[in-house]
Amino acid sequence: MVIVSYYLMEKIKTYLVCTNLKETFPNNKNSIINFVSEAALKKYPNKEFSFKEFYITKNKWTNKEKLLKDFEYLDKIYESLLPKISNFLNEIHNCNFSEKFWRILIGPWLGIFIYTLYDRWKNLKSSVDNYQINKVIKLNLTEENYIPYDNSEFLEFIQNENWNQYLYQSMFSEFFNSSEIEEPKSFDEKEFIIKKTSKNNKNPNFFKQKIFDIFNLIPRKNYKYLLYSTYTGFWNELKLSIRLKQLPIFGIEKNKYKTKKKIDKKLRFKLLNFFDPNDKFQNFLHKSIIAQIPKVFIENYQDLVKFSKIENLPKEPEKIVTANALWFDSFFTFFVAKMAEKKSKIIYIQHGGAYGISGYSWVEEHEKKISDKYLSWGWTDEKFQSRVKKFYVILKNKKFNWNEKKMKNLLILMRPRKVYFQTPETSSVGIESYSEYINFYNKFFNSVSLDIKNKIILRFPFRNLKRESFDYFSNLNQFKIDESSSFENACNKSKIVINTANSTTFCETIANGIPSVLIINKNTPIRKNILPIIENMKLNNLIFYDVNKAAIFINEVWKSGIKDWWFNKDTQRSLNLFKENLARPTKNISDELLKEIKLN
């Protein structure tokens, strides 16, 4: 018996699984599975899970000191690589653009790619360091399929199983010897290719497209200002544009400029001459940049040049105003970078609520560095005093009607599950694993009274989400999901709105005077200069780190009535302090933005 048991133990191997692709799971169901992170699971395994023994590598960033140290390390790598890649691109494209030009153009890809790659690298390292892994399965993937065309495609790839599998298995040889890596399995990539093609060719809303087409007929070459994707809404952008004696730019045609070019490996490998790695990760990063830098920055660069010459855009705009277009749109970003070289001024508008609050946000830092003026929702920045200006929440105002007959629900604003890490910021949205997030709020769900629990309505930022895409532990099906299009109506039907992340909706509800609280994990790093405001909010039951205390408060105020709490002088004073520094409301955003544009 002892010999047989020993033999069986020798046969049972531990496999590392990095993604949810079934082809990466072993055939032997007696095998032990080590998931490199919970991202490799659609949901937590139930009783029907084929493998009886499994482990999930823990989140590496639960320690916030380590998190901030890692982010500082990655930011230094980014700043050291940017000038080197800029010099390389100037050389191969026979140009002489400034480092700021390349920061605007390639910065969004380079920064997020460095953080993304490091996340996957550390997941592998943590698994290898903490578990005895015998095998890992490699798939036969076509390299060219996983090189993004531009930044927009890269951002889509980050959440794609195939691309993540490609990224992980490119690291296998760094952590495993050849005998531990199973030979590439054949794999059908057809579904990935179809999905990729359909996204590139998707048709916009017919009615919207017709409106955009009409606006696009108007010549824009002589426009004094370039306003695009300002986040202020259709009517505000229309009103603002007319007051500037021009028409709004709602859509920009890019697809007709895209061409197909073969990957030029010889050209890409020249980039190696510009690198000087300091450690094992950086050495791998440099090779990965060569393999993964989007085609539009290398082989398809002339697509951008042609677009900037031909597309119906202002020839020499005095000022460029945008909120988020410089993240996903490489064509528009190239155009803006060129205009900045000609001394056009960039006015960037804050477009997310975690800005100014999070302990660190690489995204926010990037936007401040490339802008000439940065319009915040109320906060200031010592480092960027001359650029950052207190402005207003730019989102459409919500009409909140205090009607207690209709205010019946407890609306809980949930964050969706981003399966794979991609947001380099220290807000809960950026670094908290989804299992940690759900476990934290489960305690709250189970601590409120049964009467209140029955009135809980969950709402996610994206409508029509499939339940399995966010119900990680299969325990949210007891609650109703609000899938209506109107956030305003959902708030008007609720006594209190619970925010579960220090993000946009919390600033939005506070700015609009909607009774709401924020419940977050204490491990979420907050900016030091904001801490006094947060502490004041805590004292007045507007922010909670403890879910049990939050539940006790909700139970009490639900019975006594929320008016006495919400309109209490101390509560209102705390709310006004928060609004003035982080969520300044205004009744006319177009007037305020016009003033900023007109200022020198």
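Numbers here are sequence positions counted from 1.
For the pair I252/I249, a side-chain contact is recorded, criterion being any heavy-atom separation below 4.5 Å from C-beta on. Side-chain contact between V497 and T505 is absent, with no heavy-atom pair separated by less than 4.5 Å. Side-chain contact between I289 and F275 is present, with heavy atoms from C-beta onward closer than 4.5 Å. Between L227 and S241, some side-chain heavy-atom pair lies under the 4.5 Å cut-off. Inter-residue side-chain proximity for K295 and I147 is flagged as met; some heavy-atom pair is nearer than 4.5 Å. I514 is not listed as a side-chain neighbour of E508, based on a closest heavy-atom distance of 4.5 Å or more. Contact annotation: the side chain of W379 approaches that of V388 to within less than 4.5 Å [non-hydrogen atoms, C-beta and beyond]. Residues K315 and Y223 form no side-chain contact, since every pair of their non-hydrogen atoms from C-beta on lies 4.5 Å or further apart.
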Could you walk me through whether V321 and I597 pass side chain to side chain contact (heavy atoms under 4.5 Å, CB included), step by step? CA-CA 8 Å; V321 185; I597 293 170; 3.9 Å; yes
Working note: L82 + Y78, criterion side chain to side chain contact (heavy atoms under 4.5 Å, CB included); need CA distance, chi angles, decisive distance, verdict. CA-CA 6 Å; L82 180 67; Y78 168 79; 3.9 Å; yes
Show, in sequence, the C-alpha distance, side-chain angles and deciding distance for W163 and E156, and conclude whether the side chain to side chain contact (heavy atoms under 4.5 Å, CB included) test is met. CA-CA 10 Å; W163 185 81; E156 288 174 1; over 6 Å; no
Verify side chain to side chain contact (heavy atoms under 4.5 Å, CB included) between I589 and N397, making sure each step is shown before the conclusion. CA-CA 9 Å; I589 193 65; N397 287 332; over 6 Å; no
Evaluation steps, salt bridge (Lys or Arg N to Asp or Glu O under 4.0 Å), between E592 and K595: CA-CA 5 Å; E592 299 297 341; K595 290 176 194 173; 3.7 Å; yes
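Atom CG of residue L577 and atom CG of residue L582 lie 8.5 Å apart, to the nearest 0.5 angstrom. I533 contributes atom CD1, which lies 9.5 Å from atom CD of E580 (distance to the nearest 0.5 angstrom). Distance check, rounded to the nearest 0.5 Å: CD1 of I320 to CZ of F335 gives 6.5 Å. Separating the CD1 atom in I498 from the CG atom in L413 is a distance of 9.0 Å, to the nearest 0.5 Å.
E367 meets the side-chain hydrogen bond (donor to acceptor under 3.5 Å, both in side chains) test with W327, H351, Y355, Y374; sequence neighbours excluded. Applying the salt bridge (Lys or Arg N to Asp or Glu O under 4.0 Å) rule to K100 yields the partners D372; only residues at least two apart in sequence or on another chain are considered. Residues that satisfy the ring-ring contact (aromatic ring centres under 6.0 Å, His included) test with Y118, not counting sequence neighbours, are Y73, F281. Annotation: ring-ring contact (aromatic ring centres under 6.0 Å, His included) contacts of F269 (sequence neighbours excluded): none.
The heavy-atom pair separating F71 from F421 by the smallest distance is CZ-CZ, 4.4 Å. The minimum heavy-atom distance between S170 and F284, with the atom names listed, is O-CE1, 3.3 Å. Listed here is the closest heavy atom pair of G353 and C507: O-SG, 3.7 Å. Among all heavy-atom pairs drawn from I218 and L247, the shortest one is CG1-CD1, 3.6 Å. Heavy-atom minimum distance, S358 versus N502: OG-ND2, 4.1 Å. Annotation for I370 and I346: closest pair O-CD1, 3.5 Å, computed over non-hydrogen atoms.
With salt bridges taken as basic N to acidic carboxylate O contacts below 4.0 Å, none links E311 and K221. Remark: K369 does not engage E365 in a salt bridge, criterion side-chain N to carboxylate O under 4.0 Å. A salt bridge between E318 and K345 is absent, with no side-chain N of the basic residue lying under 4.0 Å from a carboxylate O of the acidic one. The pair R527-E364 counts as a salt bridge, with a side-chain nitrogen and a carboxylate oxygen less than 4.0 angstrom apart.
Of the residues D70, T426, D119, the one that meets the side-chain hydrogen bond (donor to acceptor under 3.5 Å, both in side chains) test with W61 is D70.
S330 contributes a side-chain N or O that, together with a main-chain N or O of N151, makes up a donor-acceptor pair within less than 3.5 Å. Between the side chain of Q246 and the main chain of Y225, a donor-acceptor pair closer than 3.5 Å is present. When atom types are taken as modelled, the side chain of D75 and the backbone of W362 share no donor-acceptor pair closer than 3.5 angstrom. In this structure, the side chain of Y434 engages the main chain of R415 through a donor-acceptor pair within 3.5 Å. Although no hydrogens or angles enter the test, the distance criterion places no donor-acceptor pair under 3.5 Å between the side chain of H286 and the main chain of F274. Remark: the backbone N or O of T142 is paired with a side-chain donor or acceptor of E189 at under 3.5 angstrom. E153 places no side-chain N or O within 3.5 Å of a backbone atom of P148 that could act as its donor or acceptor partner. Without hydrogens or angle criteria, K398 side chain to E488 main chain gives no donor-acceptor distance under 3.5 Å. Side chain of E316 to main chain of K343: no donor-acceptor pair is present (N/O by atom type, distance under 3.5 Å, no hydrogens or angles). Checking side-chain atoms of N87 against main-chain N and O of P83 turns up a donor-acceptor pair under 3.5 Å.
With hydrogens and angles left out, the side-chain atoms of E425 and S427 include a donor and acceptor closer than 3.5 Å. Checked by atom type, the side-chain pair E237/Y231 shows no donor-acceptor distance below 3.5 Å. Looking at N588 and T586, their side chains never bring a donor and an acceptor atom within 3.5 Å of each other. Side-chain atoms of E432 and T524 include no donor-acceptor pair closer than 3.5 Å. Q350 and S376 share no donor-acceptor pair across their side chains, judged by distance under 3.5 Å alone. With hydrogens and angles left out, the side-chain atoms of T380 and Q385 include no donor and acceptor closer than 3.5 Å. At a cut-off of 3.5 Å, with distance as the only test, no side-chain donor of D150 or S152 sits close to an acceptor on the other residue. A donor-acceptor pair shorter than 3.5 Å cannot be found between the side chains of S486 and S484.
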What side-chain donor-acceptor pairs closer than 3.5 Å can you find for residues 101-113, not counting sequence neighbours?
residue : atom : partner : partner atom : Å
W102    : NE1  : N90     : OD1          : 3.2
R103    : NH1  : E79     : OE2          : 3.0
R103    : NH2  : E79     : OE1          : 3.0

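Applying the side-chain hydrogen bond (donor to acceptor under 3.5 Å, both in side chains) test to pairs two or more places apart or on separate chains, those with a residue in residues 298-307 are Y149-D303, T259-N300, T259-D303, R268-E299, N300-D303.
A 6.0 Å sphere centred on NZ of K270 holds no more than 12 heavy atoms belonging to other residues, nucleotides or ligands. In N222, the CG atom is not crowded: 12 or fewer heavy atoms of neighbouring residues, nucleotides or ligands sit closer than 6.0 Å.
When ring centroids are compared, F234 and F250 come within the 6.0 Å threshold. Proximity of the aromatic rings of Y437 and F470 is defined here by a centroid distance below 6.0 angstrom, and this criterion is not met.
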